Amino acid sequence: MISKDIALGLFFLLQTGLGVLGNSFLLGLYTITLFIGPRLRPIDLLLVHLAFVNDLALLFKGIPQIMFTLGLKNFLDDVGCKLIFYFHKVSRDLSLCTTCLLSSFQAITLSPRNSWWAQLKAGAQKCMVPLCLFCWAFHLLKNVMILSFMRGPMKNKTITQQDFLYCSVPFPATFNLVMHILIVFLPDFLFIGIMMGTSGYMVFFLYRHHQRVQYIHGNILTPSVSPETRATQTILFLVILFVCFYSLNSIFILCIQNEGSSWLFHISAFLAACFPAFSSFILIVSDSHVHKNFLALLDKKILF
């Protein structure tokens, strides 16, 4: 009979391994395509960035979680805890920021030529790299406080200490929890608000487009879905997936503040890794450009 800890460790190993495999496949495919394949779309840069930061989020969250559940209780010191939590939080925030950019860029791409958003189309393509660099700089600076507070596991548990199973945070006497939450979560809420706003616009656009197509073709013909519409549906699904898992994980984080049960930490870790693990497979299955790039490289006998 396999113990609960070993079964849990194997479960996190499977989740992390599959997620890293899917994201690494996208990274390799787009990297090879960039140099010797067909021309990439402007939005593909954001997809490459999303796959990269999702890989980082999975590795920095999954590996410590696997090691802890397999019985390694004190495998990180102060420096290790600082780096693990810092880079996981940065990569998770970058995943949110990149998904927000994806949603915004697609909404701008769909906008009619006579709309105000249409003026941003040309500039949006040129600003992708600067926006990604800005996201990195912003989130690297925003999460610097983690390097000050995070510590290795402590034997003496106090009221002013938050235990994270394999790491801990001893809060100083002058620590302001409300201010900390505002600094950490306010940008997240802003990005989620932008994602929901742009997603609502895309849903409205797709509905209007569907109504027009039905009117033109009638109820007998079933017109094929355009690549642009398919790409929009994929990004909408990614946004919904991120918001759902982010909301559920936030609820469990609040529960952890009141009751530090180990199972709450495990569930929170699972939810935090769900979007990085599953998003790559959504893109592989639903994005027709991934299939075209893959088949093009196969024809050139570059893969396998």
Side-chain angles (χ1 to χ4, degrees), residues 1-31 47-96 98-99 146 150 152-153 162-169 237-238 241-242 244-253 255-256 260-286 290 304:
M1 182 73 69
I2 300 177
S3 68
K4 291 181 180 179
D5 289 340
I6 294 178
L8 198 60
L10 293 175
F11 176 78
F12 280 116
L13 179 62
L14 179 64
Q15 184 191 37
T16 303
L18 288 176
V20 170
L21 183 65
N23 287 307
S24 299
F25 170 79
L26 285 179
L27 275 175
L29 179 65
Y30 280 121
T31 302
L47 296 178
V48 171
H49 188 252
L50 181 63
F52 176 67
V53 297
N54 281 343
D55 254 349
L56 293 180
L58 284 169
L59 292 173
F60 282 113
K61 189 66 174 180
I63 292 178
Q65 199 73 24
I66 293 167
M67 294 175 69
F68 178 84
T69 52
L70 293 180
L72 297 175
K73 305 298 182 183
N74 298 310
F75 58 93
L76 288 175
D77 56 6
D78 287 356
V79 176
C81 283
K82 290 177 187 292
L83 294 178
I84 287 292
F85 270 80
Y86 176 70
F87 285 112
H88 171 256
K89 186 64 170 65
V90 169
S91 57
R92 187 167 178 265
D93 288 349
L94 285 169
S95 182
L96 167 60
T98 308
T99 308
I146 294 177
M150 193 60 63
Q162 176 66 61
D163 182 36
F164 289 96
L165 300 182
Y166 47 86
C167 292
S168 59
V169 179
F237 192 42
L238 287 176
L241 193 72
F242 188 96
C244 288
F245 284 125
Y246 182 92
S247 302
L248 288 173
N249 189 38
S250 299
I251 292 172
F252 276 95
I253 289 175
C255 294
I256 288 172
S261 170
S262 61
W263 280 104
L264 290 178
F265 282 102
H266 294 320
I267 295 173
S268 176
F270 165 74
L271 292 173
C274 278
F275 179 80
F278 298 150
S279 59
S280 59
F281 295 100
I282 293 173
L283 290 170
I284 292 170
V285 171
S286 60
V290 174
F304 308 110

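Only a predicted model underlies this, so the values are computations on that prediction, with no experimental measurement involved.
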Could you check whether any side-chain heavy atom of [X] comes within less than 4.5 Å of a side-chain heavy atom of [Y], counting everything from C-beta outward?
X	Y	value
N54	S280	no
L47	Y30	yes
L241	F278	yes
L238	L283	yes
H49	V53	yes
T16	V20	yes

Handout entry: Member of F237, F245, F242 meeting the ring-ring contact (aromatic ring centres under 6.0 Å, His included) criterion with F275
Key = F242
Practice task
Determine the sole option in F265, F11, F12, F252 for which the ring-ring contact (aromatic ring centres under 6.0 Å, His included) test with F270 is passed.
Solution key: F11
Handout entry: Note: K89-D93 ion pair, threshold 4.0 Å (strictly below)
Key = yes
Practice task
Ignoring hydrogens and angles, tell me if any N or O in the side chain of S24 forms a donor-acceptor pair with the backbone of L21 under 3.5 Å.
Solution key: no
Handout entry: Approximate separation, where rounding is to 0.5 Å, of S91 OG and L96 CG
Key = 11.5 Å
Exercise for the section: Enter the distance from L58:CG to L18:CG here, rounded to the nearest 0.5 Å. Expected result: 10.0 Å
Exercise for the section: Let me see the working for I84 and C167 under side-chain contact (heavy atoms from CB on, under 4.5 Å), right down to the final yes or no. Expected result: CA-CA 10 Å; I84 287 292; C167 292; 5.9 Å; no
